[in-house]
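Here the structure comes first, spelled out in structure tokens, and everything after it is commentary.
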Amino acid sequence: MRRTASFVLSITALLFAGLLASSAAHAEEAWEKAFLQARDQQTAQLEQAARSGKGDMARSLANFAAVVDRYRQGARTQGSALSHYLYGRALFKHSEVEGHTDKRKKDEAIRSMEAAKSRGAGWFADYALAYIYFRTGEAERGEGYLQGLLRTHGDRRDVAKLQAQLLMSRRSWRELKSLAESWLKKNSLDMEFRQLLGMAYMGLKEWRRAETTFRSMIARGVKVPEIRLWIVECLVKQKKFEDAKKESLALIRDFPKEVDLRFVYAEVLMKSADEKTGEAKAKELKAAIAVLEQVVAAYPDHAGHKGRLSEIYLRTKQPAEAERVLLKALALCRSDERQKGLTAVVLRNLAFATFEMKRYKDAVRYLEELDRVGKGQLAPHILDLMQNCYGKLGRKKELISVLERMLEHMEGRPEERKQLEEAIKALKSGKEVTPQDGTTNEELWSRNKLAELVERCADRDVGVRRDALLEYYQLDLPFVDPVVYQRHDSRIERDPECRRLVVQILGRFRVGDANAEIVRIASRYVGVALEDPDRSVRTIAAQELGHIGAPAGLIYLMPYFERIDLDGSKLSTFQRSELEKEYNAARATLVGLTGREDIEPGAPNWVTLEAAAAHRKKWLAWYDTAEAEGPRMRALADLDTIDRVGPRWPLRYVLSDLMKQPAKAGATTTPNVVWLRTYKLMRRHVLRLKAKDAAAFAKDAWWPTFPIYEDKDLTAANIPAQRDALIAWWASLRKQEQPKK
């Protein structure tokens with residue numbers, strides 16, 4: 001739920017007011033006191049600017065921007081360390097209050113902070129740079145600044161707060177709890193660390209302790225509304241719905257202009273309804289509708305509020321009421337450019353409402369418009385609704401087209417794909433379309449809620465994505481939506497915490513416990529995550545690859561294991577520890593996938609960083625022996641079963657073996673079986689691409705020139721020359737891809 005500007009500032013003030021109170025153990029120089037005083041003043045100005053809109057988000061942000069502009073002018077005219085520092089800080093906070101971090105503003109804020117650092121801003125600039133990198137998903141860059149701060153200013157509570165920020169981003173709740181408790185021992189009245197303790201309890205799902213912690217803050221005079229909202233959440237998690245309702249109503253009384261609080265109350269009512277049946281359930285839902293009707297009446301020009309109300313009407317099987325509200329929302333979306341982004345949601349809900357009323361032509365009309373708005377990128381459950389409508393209307397051509405589109409979303413679900421393929425085949429053979437009951441609207445709406453969760457997994461707000469991915473992980477579904485697993489890629493998902501969650505979602509699937517196709521998908525994408533720029537993601541990927549247990553995991557793991565940089569000479573103690581974890585996660589998975597024990601009996605099952613280089617050398621030597629042929633052949637056989645792959649895959653993972661594998665010369669020498677199996681896998685991949693689309697294959701920059709040899713020619717005498725031809729082929733491609741000067 002998006003908060004208003006004043007709410008954002010309230011919580012931001014707690015977590016990154018930063019440097020408002022200096023540690024008594026740290027004597028400050030005059031320049032530090034000047035920085036602290038200037039920062040206090042700026043924080044007050046920014047909070048006042050955000051609140052001055054009196055509930056109007058747009059006006060609040062405009063006032064906030066005006067303050068930022070004044071600091072921009074100061075940086076340009078004065079050019080001092082302090083002026084650059086204050087401008088960079090204000091600019092980045094502005095982007096956060098807007099609800100997202102604009103890359104241009106982030107980069108400018110970093111440049112300003114670096115200018116401040118070069119002019120003598122010292123640890124203030126390091127602090128701010130670490131914070132910016134943590135908040136924008138570049139944890140490794142931020143950690144470098146944090147480790148330096150912990151060495152030089154580790155006794156400052158501000159630095160401890162920064163450490164807490166990193167722990168929260170990683171969801172390291174137990175470490176956060178320990179950190180907060182250690183600072184509360186020094187000062188039990190420190191409300192910021194008491195808040196962090198409460199958040200740690202929430203992360204650990206210790207709802208009662210979290211509630212008690214937050215209530216103790218209120219008892220000590222903390223009036224931040226967010227704290228009371230967390231109390232409401234804790235009460236709901238404990239299913240204390242009556243208490244949650246009272247707390248929500250009290251918040252509404254205390255902050256009558258905060259419209260989001262009414263949505264909180266409505267959500268509490270709906271959660272309460274989920275636990276009830278019959279008249280009691282109906283009463284709660286009716287009360288939730290009444291609350292949202294009040295909001296809609298108070299904001300008649302807000303399409304989003306109408307959309308949320310329509311969803312309750314749909315849930316309570318009142319499609320006519322939902323349509324009434326949605327038609328007004330659609331008119332707003334079409335007339336107001338600022339609300340145009342809500343058009344897709346409104347069209348989707350209109351399709352559900354008209355389908356429920358058996359007005360299939362209207363439902364199709366909304367769905368087709370939704371398809372145009374979304375540029376042909378409809379979610380699977382919407383395609384399901386569309387095929388239901390075309391089936392009801394007997395429109396065979398359109399039905400076949402939709403079913404073929406649905407096939408694209410069946411990766412990892414072989415049984416459902418088979419049923420769809422059979423249905424398409426039957427329709428194309430002349431079978432008439434007969435109206436069937438098909439999927440019920442209730443089932444479709446249930447899928448819609450899952451689709452909304454998937455949409456939140458790709459939300460522009462990193463906090464929303466983290467919460468959504470965690471929720472998706474906890475659902476324990478038998479498949480993974482492509483929107484979710486594609487976020488393993490750092491080019492798509494910039495936040496390492498989100499990427500770690502994606503890897504953990506994929507890591508739930510095990511060989512033997514899930515269908516073979518979803519296991520192959522999981523091992524493929526977790527294997528690719530071994531190339532992640534963030535060490536913590538790579539460590540999780542190495543662990544999960546072992547948990548999945550797919551033999552092909554060895555092909556992903558070995559190149560990664562070989563290139564781990566084990567030089568810890570320039571790393572901090574913390575970074576050395578993290579590198580050691582990464583190495584041991586990789587070697588433990590190697591043990592599991594190959595069956596080779598790499599620790600002496602009775603010795604600790606851990607390799608220190610000092611011993612890692614020699615330890616790895618033994619693994620690499622073993623990998624080229626006859627003993628390794630068994631695991632490697634199983635890995636290649638597993639990889640060869642993956643048909644649904646892109647044109648460049650699996651080149652990058654197996655081609656290197658064709659280049660470096662020593663071929664045994666001489667007519668009487670037996671060719672290396674792993675080399676032969678690898679070559680045949682590559683050859684099969686190339687020929688399959690040619691058979692699939694010969695025209696596209698001929699235009700491809702890589703594969704038409706791949707050396708193809710018949711089995712009869714793959715002899716020990718020929719392999720050295722064949723290997724040289726492959727190397728020449730690869731060198732030619734590399735030369736073609738060099739940028740032109």
Side-chain angles (χ1 to χ4, degrees), residues 11-28 32 36 39 122-124 126-131 133-135 139-140 142-222 224 226-227 230-231 234 466 496-497 500 535-536 539 571-581:
I11 192 61
T12 305
L14 275 176
L15 293 179
F16 188 42
L19 317 183
L20 293 179
S22 58
S23 169
H26 217 298
E28 289 159 357
E32 290 181 296
L36 290 168
R39 187 161 186 166
W123 67 275
F124 288 87
D126 288 339
Y127 181 100
L129 286 164
Y131 176 82
Y133 284 126
F134 287 158
R135 296 287 288 180
E140 281 206 334
E143 279 181 39
Y145 291 103
L146 174 60
Q147 293 306 319
L149 287 166
L150 287 172
R151 287 193 296 271
T152 59
H153 292 77
D155 56 347
R156 296 197 73 104
R157 66 188 294 279
D158 316 279
V159 175
K161 280 165 45 184
L162 191 61
Q163 185 180 13
Q165 181 70 44
L166 175 63
L167 294 173
M168 282 192 293
S169 73
R170 290 186 165 181
R171 296 183 182 274
S172 300
W173 303 118
R174 295 197 183 281
E175 288 108 323
L176 179 62
K177 175 175 172 284
S178 298
L179 178 66
E181 287 175 339
S182 68
W183 279 88
L184 286 170
K185 286 179 182 177
K186 301 176 185 178
N187 181 4
S188 63
L189 299 178
D190 190 323
M191 292 299 104
E192 291 179 88
F193 279 97
R194 190 166 293 277
Q195 175 200 322
L196 290 168
L197 179 61
M199 294 173 74
Y201 282 136
M202 288 181 74
L204 293 167
K205 297 184 176 10
E206 297 182 25
W207 306 112
R208 178 57 186 163
R209 286 188 171 186
E211 178 197 348
T212 301
T213 301
F214 293 136
R215 288 195 184 281
S216 71
M217 294 177 67
I218 292 173
R220 289 174 169 85
V222 175
V224 178
E226 194 81 21
I227 301 297
W230 285 335
I231 290 174
C234 291
R466 288 174 181 169
E497 171 61 18
R500 284 194 295 273
R535 178 173 286 119
S536 66
T539 302
L571 301 181
S572 66
T573 302
F574 174 80
Q575 290 169 325
R576 285 173 58 85
S577 172
E578 293 296 291
L579 174 57
E580 201 169 88
K581 288 179 187 176

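Atom set for the values below is all heavy atoms of this structure, side chains included, hydrogens, waters and symmetry mates excluded.
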If only side-chain N and O atoms count, and only distance matters, is there a donor-acceptor pair under 3.5 Å linking Arg194 with Thr213?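 The answer is no; no qualifying pair exists.
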
Working to the nearest 0.5 Å, report the span between [atom1] of [X] and [atom2] of [Y].
| X | Y | atom1 | atom2 | result |
| --- | --- | --- | --- | --- |
| Phe134 | Leu129 | CZ | CG | 11.0 Å |
| Leu146 | Arg151 | CG | CZ | 9.5 Å |
| Ser536 | Glu497 | OG | CD | 8.0 Å |
| Gln163 | Ser172 | CD | OG | 10.5 Å |
| Tyr201 | Glu206 | OH | CD | 6.5 Å |
| Ser216 | Ile227 | OG | CD1 | 9.5 Å |

Closest non-hydrogen atom pair between [X] and [Y], with its separation:
| X | Y | result |
| --- | --- | --- |
| Trp123 | Arg156 | CH2-NE, 3.0 Å |
| Ala130 | Gly142 | CB-O, 3.7 Å |
| Cys234 | Ala210 | SG-CB, 3.7 Å |
| Ser188 | Met191 | O-CE, 4.2 Å |
| Leu196 | Ala164 | CD1-CB, 3.8 Å |
| Leu176 | Met168 | CD2-CG, 3.5 Å |

Asp190: side chain to side chain contact (heavy atoms under 4.5 Å, CB included) partners, not counting sequence neighbours: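 Partners of Asp190 by the side chain to side chain contact (heavy atoms under 4.5 Å, CB included) criterion, ordered by chain and then number, come out as Arg157, Leu184, Asn187, Glu192, Phe193.
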
Please say which of Lys581, Glu580, Gln575 ends up in a side chain to side chain contact (heavy atoms under 4.5 Å, CB included) with Glu578.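 So, applying the side chain to side chain contact (heavy atoms under 4.5 Å, CB included) to Glu578 and each of Lys581, Glu580, Gln575, only Lys581 qualifies.
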
Evaluation steps, side chain to side chain contact (heavy atoms under 4.5 Å, CB included), between Tyr145 and Tyr127: CA-CA 7 Å; Tyr145 291 103; Tyr127 181 100; over 6 Å; no

Side chains of Thr212 and Arg208: does their closest heavy-atom pair fall under 4.5 Å?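 Thr212 vs Arg208: side chains touch.
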
If the plane angle is over 60° it's perpendicular, under 30° parallel, otherwise tilted; pick one for Trp230 and Phe214.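 If you compare the ring of Trp230 with that of Phe214, the planes turn out tilted.
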
When you measure from the side chain of Ser178 to the backbone of Arg174, do you find a donor-acceptor pair of N or O atoms at a distance under 3.5 Å?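 Side chain of Ser178 to backbone of Arg174: a pair is present.
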
Between Ile218 and Ile231, does the side chain to side chain contact (heavy atoms under 4.5 Å, CB included) criterion hold? Intermediate values first, please. CA-CA 10 Å; Ile218 292 173; Ile231 290 174; 3.4 Å; yes

When you check the gap from the basic side-chain N to the acidic O, do Arg215 and Glu211 get nearer than 4.0 Å?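 Judged by the 4.0 Å cut-off on N to carboxylate O distance, Arg215 and Glu211 do form a salt bridge.
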
Carboxylate-amine/guanidinium proximity below 4.0 Å for Glu181 and Lys185: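 Between Lys185 and Glu181 there is no salt bridge, as every charged N stays at least 4.0 Å from the carboxylate O atoms.
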
